[in-house]
Amino acid sequence: ALTDHVAPAYNELLAMFERHEAMADDRDGAWKLPRGEAYYASQLANFTTLPDMSAEEIHQTGLDEIDRIHDEMRGIMAQVGYEGSLQDFFEFMRSDPQFYYPDTDAGRARYMAEVDAVFERINTLIPNYFDTIPDGRMEVREVEPFRAAGSPTAFYNRGTLDGSRPGIYYANTSNMRNLAVYQMETLAYHEGIPGHHFQLTLSQEQTGTPMFQRLLYLSAFGEGWALYAESLGKDMGLFTDPYQDFGRLAYELWRAGRLVVDTGIHSMQWSRQDAIDYLLANTSFTEEEVTREVERYIVWPGQATSYKIGQIRIRDLRDFAQAELGDAFDYGAFHDVVLTNGSLPLPVLTELVNNYVETNRPQIQD
């Protein structure tokens with residue numbers, strides 16, 4: 001079977017890639033394709049679930065968010081007494097040994113113990129912010145050696161529908177230089193609690209909804225919630241260390257940069273190098289990380305815009321509900337609206353939140 005069927009099929013696949021390689025040129029965006037502009041617009045509509053949002057609007061949103069986050073980062077620089085430019089501070093955070101544990105068994109054990117402590121700390125506050133908490137458990141594990149080389153820094157695997165296997169927060173400890181300590185809290189809140197673990201597990205546990213809705217994953221909703229969960233950690237008073245708070249901002253900045261470079265590449269005719277140069281100048285990530293990410297954006301038009309667009313919409317809906325309801329606003333009730341209906345297109349989520357606000361709006365007394 002391998003020699004008569006599998007090998008010939010792979011040879012055909014390789015030949016296809018070689019034909020495509022010969023067709024390649026130095027234009028990197030979807031704009032170069034037949035009907036490329038319409039194709040990219042459809043990709044943005046699919047990944048943001050907001051069909052009326054243009055590439056230009058998304059691009060400007062990213063630029064505005066980068067300016068805001070840079071200002072907050074400068075506040076942290078002042079807080080820790082760092083003198084120098086923001087770029088200097090980025091390099092300091094990338095390279096200073098205090099932000100990395102040794103690449104040894106002891107270093108890995110220390111990191112994992114501190115991740116456990118992060119989850120223990122947030123779990124004590126969860127009842128103040130969530131009415132519905134998943135029944136499914138979550139465990140913290142190291143990525144197994146056999147798949148560490150191809151795995152990201154941290155990720156979440158959902159548990160089984162029947163709860164027999166828990167959700168798992170994985171940390172990739174194969175190279176401790178890739179696990180900056182100042183990013184520990186942000187990764188935990190995004191991938192674990194109250195991020196993907198709450199979002200995916202609560203969706204699975206909605207037994208009264210159709211199966212497709214329990215298992216559906218819309219990137220703007222799922223990644224938007226996980227990014228919102230990072231900032232919720234700040235609202236819950238958990239980012240007490242300024243360097244951990246910088247880690248939160250660094251990841252948010254990264255997602256804002258995606259809005260700029262994805263639309264830059266696919267709509268505004270930026271080159272691969274233009275995108276790399278922009279992210280190196282405006283984020284704290286390394287050249288290796290930036291290059292890998294830009295190449296991802298080139299081959300996956302629109303997907304990278306979903307994170308920040310989803311987060312902004314969820315955050316705006318919460319701000320709207322708080323402003324309209326005042327003392328009647330309740331975090332637990334709001335988060336139930338967001339999380340107990342499965343993965344939703346953002347316009348549907350907006351409608352549900354509007355209904356929640358109207359239902360709970362304080363009555364004006366004569």
Main chain of [Y], side chain of [X]: is a donor-acceptor contact present, judged purely on distance under 3.5 Å?
X      : Y      : result
Ser306 : Thr48  : no
His266 : Val261 : no
Gln269 : Gly29  : no
Ser343 : Leu218 : yes
Thr160 : Arg165 : yes
Asp319 : Asp316 : no
Thr201 : Phe198 : no
Lys308 : Ala256 : no
Gln244 : Phe239 : no
Gln206 : Ser203 : no

Are [X] and [Y] near enough that their ring centres are under 6.0 Å apart?
X      : Y      : value
Tyr169 : Phe119 : yes
His190 : Trp225 : no
Tyr331 : Phe130 : no
Tyr182 : Tyr243 : no

side-chain contact (heavy atoms from CB on, under 4.5 Å), that's the test. Do Tyr356 and Phe329 meet it? Break it down for me.
CA-CA 10 Å; Tyr356 156 72; Phe329 174 81; 3.9 Å; yes
So, [X] and [Y]: side-chain donor and acceptor under 3.5 Å apart, yes or no?
X      : Y      : answer
Asn172 : Thr153 : no
Tyr101 : Glu114 : yes
His196 : Gln199 : yes
Asp277 : Gln273 : yes
Asp64  : Thr61  : no
Arg158 : Gln204 : yes
Tyr40  : Asp262 : yes
Asn354 : Glu358 : no
Gln183 : Thr186 : no

When you look at Arg296 and Gln303, which way does the side chain to side chain donor-acceptor pair (under 3.5 Å) test go after all the steps?
CA-CA 9 Å; Arg296 163 190 162 182; Gln303 191 274 343; 2.6 Å; yes
Of all the heavy-atom pairs spanning [X] and [Y], show the shortest one and how long it is.
X      : Y      : result
Gln87  : Asn282 : NE2-N, 3.9 Å
Ser284 : Ala250 : OG-CB, 3.6 Å
Leu44  : Ser54  : CD1-C, 4.5 Å

side-chain contact (heavy atoms from CB on, under 4.5 Å) between Phe92 and Phe99, worked out:
CA-CA 10 Å; Phe92 167 66; Phe99 301 122; 3.8 Å; yes
For Glu21 and Phe17, what are the C-alpha separation, side-chain angles and deciding distance, and is it a side-chain contact (heavy atoms from CB on, under 4.5 Å)?
CA-CA 6 Å; Glu21 184 179 23; Phe17 279 125; over 6 Å; no
Carboxylate-amine/guanidinium contact [X] [Y], below 4.0 Å:
X      : Y      : answer
Glu230 : Arg255 : yes
Glu205 : Arg214 : no
Asp26  : Arg272 : no

Distance under 6.0 Å and angle within 45° of the ring axis: does Arg318 meet both against Phe334?
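Geometry flag: not set, cation outside 6.0 Å or 45°.
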Answer yes or no on whether Arg248 is positioned over the face of Tyr189, meaning its NZ or CZ is under 6.0 Å from the six-membered ring centre and within 45° of the axis.
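No cation-pi geometry.
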Apply the test side-chain contact (heavy atoms from CB on, under 4.5 Å) to residues Leu317 and Val338: give CA-CA distance (whole Å), side-chain angles for both, the deciding distance (0.1 Å), then the verdict.
CA-CA 10 Å; Leu317 288 172; Val338 178; over 6 Å; no
Report whether Tyr228 and Ile312 are members of the same hydrophobic cluster (ILVMFWY, side-chain heavy atoms less than 4.5 Å apart, transitive linking).
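Shared cluster, no.
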Same cluster for Leu63 and Phe285 if Ile/Leu/Val/Met/Phe/Trp/Tyr side chains link at under 4.5 Å?
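Hydrophobic grouping puts Leu63 with Phe285.
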Given Ile66, which partner from the list Asp71, Leu253, Thr283 fulfils the side-chain contact (heavy atoms from CB on, under 4.5 Å) test?
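Exactly one candidate clears the test, Leu253.
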Residues, nucleotides or ligands: over 12 heavy atoms within 6.0 Å of [X] [atom1]:
X      : atom1 : answer
Glu295 : CD    : yes
Tyr10  : OH    : no
Asp327 : CG    : no
Gln60  : CD    : yes
Phe146 : CZ    : yes

Go through the steps to decide whether Thr263 and Tyr297 satisfy the test side chain to side chain donor-acceptor pair (under 3.5 Å), and finish with yes or no.
CA-CA 10 Å; Thr263 52; Tyr297 309 152; over 6 Å; no
For Arg315, which residues count as a salt bridge (Lys or Arg N to Asp or Glu O under 4.0 Å) partner, sequence neighbours excluded?
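Only Glu65, Glu252 meet the salt bridge (Lys or Arg N to Asp or Glu O under 4.0 Å) criterion with Arg315.
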Tell me whether the rings of Tyr170 and Phe155 are parallel (<30°), tilted (30 to 60°) or perpendicular (>60°).
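Tyr170 and Phe155: parallel rings.
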